[in-house]
Engineer: 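Here it is: the structure, laid out below.
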Amino acid sequence: GENVEQHPSTLSVQEGDSAVIKCTYSDSASNYFPWYKQELGKRPQLIIDIRSNVGEKKDQRIAVTLNKTAKHFSLHITETQPEDSAVYFCAASPFTGGGNKLTFGTGTQLKVEL
Amino acid sequence: DARVTQTPRHKVTEMGQEVTMRCQPILGHNTVFWYRQTMMQGLELLAYFRNRAPLDDSGMPKDRFSAEMPDATLATLKIQPSEPRDSAVYFCASGLVLGGARTEAFFGQGTRLTVV
C-alpha cells in the first residue's frame, strides 16, 4: 500500500520568512496530492491540492510542487504570518476504478514567531 | 453550508464498554473515511467506503473494531470492548468520486474518545 513520509516534524520560522514542508510517497499509482491545515482542536481543512498532470500550483502565499519521477511533493508558504501556525498534513491518493484511498503523512507542526 | 456531522463530540467511557461513533456524510458524497488521530500516529486510516461498500479496512483492529454504512446518510464505527489505548480523536471524512472527477475530502469535527 501507499506510504507517505513527511519532514520536518516541527518547523519554526520568523514572521515574514518562508516555510517549506516536504513529502515523499511510495505508490506510483498515486495521482492526487492534497495538503491539509489543522489548527489546534479543530478539524483538518484542505488548503491546496495538486494532481499528477501538473508540476506546480499556486494560491496566493501558498504553492505546491510535484516531482513524479522522484515521488516527492512540497508545500511552500511565503511571507508567513502568525495565523499560519498549525499542523500541516500532506496526503497521497491513487485514483483507480476501485476507489480513492487517502493516505496522510505524519504532520508538521509549524510555528510562526513574531 | 454542507458539512460532515459527527456524534458524539466527546465520549468518556470505562474500559470494556462498547463505544459507537456516528457520522453523517455530506449529502451526495459517495466516499467515507474513518481516521484515528493520536499525537504519535498522526492521521491513521482505519477504514473507507465507496458507495457504502467497504473498500479497505486493513488499518482497523478487527478483533474489536467494526465499521458499517447502514445507509448513505450514516456511517458508524464501533469499538467493543474498548481499551485505554483506544483513546484518541476519531475523524470521519466524506468526498465525491464520479468518473474521473473527485472532490476534496471534507472532515467532520471529530469524536474525542477517552477510555478510562
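All chains are named by letter (A, B, ...) in the order of the sequence lines, taking the proteins before the strands, and each is independently numbered beginning at 1.
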Engineer: Output yes when a side-chain donor or acceptor of A:Thr80 lies under 3.5 Å from a complementary backbone atom of A:Val112, and no otherwise.
Structural biologist: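 No.
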Engineer: Are there residues of residues 104-111 of chain B that reach to under 4.5 Å of chain A by heavy atoms, and which ones?
Structural biologist: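 Only B:Glu104, B:Ala105, B:Phe107, B:Gly108, B:Gln109 of residues 104-111 of chain B have a heavy atom under 4.5 Å from chain A.
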Engineer: Can you see whether A:Glu113 engages A:Ser12 through a side-chain donor-acceptor pair at a distance of less than 3.5 angstrom?
Structural biologist: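 Yes, because at least one side-chain N or O of A:Glu113 sits under 3.5 Å from a partner of the opposite role on A:Ser12.
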Engineer: What are the two closest non-hydrogen atoms of A:Lys22 and A:Ser74, and how far apart are they?
Structural biologist: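 Scanning both residues, the minimum pair turns out to be CG-OG, 3.6 Å.
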Engineer: Under 4.5 Å heavy-atom distance to chain A, tell me which part of B:Val4 shows up: side chain, backbone, both or neither.
Structural biologist: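 Just the backbone, heavy atoms under 4.5 Å.
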Engineer: Are A:Glu79 and A:Arg61 close enough for a salt bridge, meaning some N to O gap below 4.0 Å?
Structural biologist: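 Salt bridge: no.
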Engineer: Tell me if a side-chain donor or acceptor on A:Lys57 pairs with a main-chain N or O of A:Thr65 at a distance below 3.5 Å.
Structural biologist: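 No; zero donor-acceptor contacts below 3.5 Å.
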Engineer: For the residue pair A:Ala92 and A:Ser30, what are the closest heavy atoms and their distance?
Structural biologist: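 Looking at all heavy atoms of both residues, the closest pair is CB-OG, 3.9 Å.
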Engineer: Can you label the angle between the B:Tyr90 ring and the B:Phe65 ring as parallel, tilted or perpendicular, going by 30° and 60°?
Structural biologist: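 B:Tyr90 and B:Phe65: tilted rings.
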Engineer: Measuring heavy-atom distances to chain B, does A:Gln6 have an atom under 4.5 Å in its side chain, in its backbone, in both, or in neither?
Structural biologist: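 A:Gln6 has no heavy atom closer than 4.5 Å to chain B.
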Engineer: Are A:Leu66 and A:Leu75 connected into the same hydrophobic cluster when the rule is that any two of I, L, V, M, F, W, Y join if their side-chain heavy atoms are below 4.5 Å apart?
Structural biologist: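 Yes; A:Leu66 is reachable from A:Leu75 via cluster members.
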Engineer: Using non-hydrogen atoms and a limit below 4.5 Å, what part of residues 40-50 of chain A faces chain B?
Structural biologist: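 Checking residues 40-50 of chain A against chain B gives A:Lys42, A:Arg43, A:Pro44, A:Leu46.
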Engineer: If you count the non-hydrogen atoms of other residues, nucleotides and ligands that lie under 6.0 Å from CZ in B:Arg112, is the total more than 12?
Structural biologist: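 Counting neighbours around CZ of B:Arg112, 12 or fewer heavy atoms of other residues, nucleotides or ligands fall under 6.0 Å, so no.
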Engineer: For a 4.5 angstrom cut-off between non-hydrogen side-chain atoms, does A:Ser26 reach A:Glu2?
Structural biologist: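 Side-chain contact under 4.5 Å: yes.
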Engineer: Report, in residue-number order, which members of residues 8-35 of chain B are under 4.5 Å from chain A by heavy-atom distance.
Structural biologist: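 Near chain A, by residue number: B:Thr31, B:Phe33, B:Tyr35.
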Engineer: For the CD atom on A:Gln60, are there more than 12 heavy atoms of other groups (residues, nucleotides or ligands in this structure) within a distance under 6.0 Å?
Structural biologist: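 It does not: A:Gln60 CD has 12 such atoms or fewer within range.
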Engineer: What closest approach, in Å, do B:Ala67 and B:Leu77 show between heavy atoms, and which atom pair accounts for it?
Structural biologist: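 Nearest heavy atoms, B:Ala67 then B:Leu77: CB-CD1, 4.1 Å.
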Engineer: By ring-ring contact (aromatic ring centres under 6.0 Å, His included), which residues pair with A:Phe33, not counting sequence neighbours?
Structural biologist: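 A:Tyr25, A:Phe73.
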Engineer: Do A:Asp59 side-chain atoms and A:Ile62 backbone N/O form a donor-acceptor pair below 3.5 Å?
Structural biologist: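 Judged by distance alone, no pair lies under 3.5 Å.
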